[in-house]
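Note sheet for the following structure.
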Amino acid sequence: PSYQNYIDIAVTGLLATDIVSVVVSPESAGVARAANFTTTQSYAGRFRLRAANVPTAAITAQYHITNTAAYPVSGGETEE
């Protein structure tokens with residue numbers, strides 16, 4: 001299918017390389033299934049949800065971000 005329908009959701013600090021997972025509430029599952037969402041796309045400061053069909057009602061969901069930034073390790077290191 002063609003996923004021409006989309007909505008952008010602003011998230012301060014989101015990186016284009018971050019991974020965003022969206023979990024739809026059970027009450028909204030039927031509407032989300034009918035919309036036929038595909039994978040999310042991440043951009044700096046926002047992520048995009050694409051769907052084959054426009055949802056027929058509001059969808060309640062949560063999003064979770066897996067941050068891809070590299071963080072330095074501090075402490076806990078020992079030399080042999």
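The figures here come from the full heavy-atom set of this structure, side chains too, leaving out hydrogens, waters and symmetry mates.
At a threshold of 4.5 Å between side-chain heavy atoms, the hydrophobic network of Ile, Leu, Val, Met, Phe, Trp and Tyr places I7 and F37 in one connected group. There is no path of hydrophobic side-chain contacts, each under 4.5 Å, that joins L15 to V11.
Here the OG1-CG distance, from T66 to D18, works out to 8.0 Å after rounding to the nearest 0.5 Å.
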Exercise for review: Please step through side-chain contact (heavy atoms from CB on, under 4.5 Å) for the pair F47 and V22, ending with a clear verdict.
Suggested key: CA-CA 11 Å; F47 69 91; V22 178; 4.1 Å; yes
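Contact annotation: the side chain of T40 never approaches that of Y63 to less than 4.5 Å [non-hydrogen atoms, C-beta and beyond].
Around atom CD1 of I9, more than 12 heavy atoms belonging to other residues, nucleotides or ligands sit under 6.0 Å away. Other residues, nucleotides and ligands contribute at most 12 non-hydrogen atoms within 6.0 Å of the OH atom of Y6.
Here the closest non-hydrogen pair linking A29 and V24 is N-CG1, 3.9 Å. Between D8 and R46, the shortest heavy-atom contact is OD2-NH1, 3.0 Å.
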For residues 49-61, which side-chain donor-acceptor pairs fall under 3.5 Å, sequence neighbours excluded?
residue: R50; atom: NE; partner: Q41; partner atom: OE1; Å: 2.8
residue: R50; atom: NH1; partner: Y3; partner atom: O; Å: 2.8
residue: N53; atom: ND2; partner: A34; partner atom: O; Å: 2.9

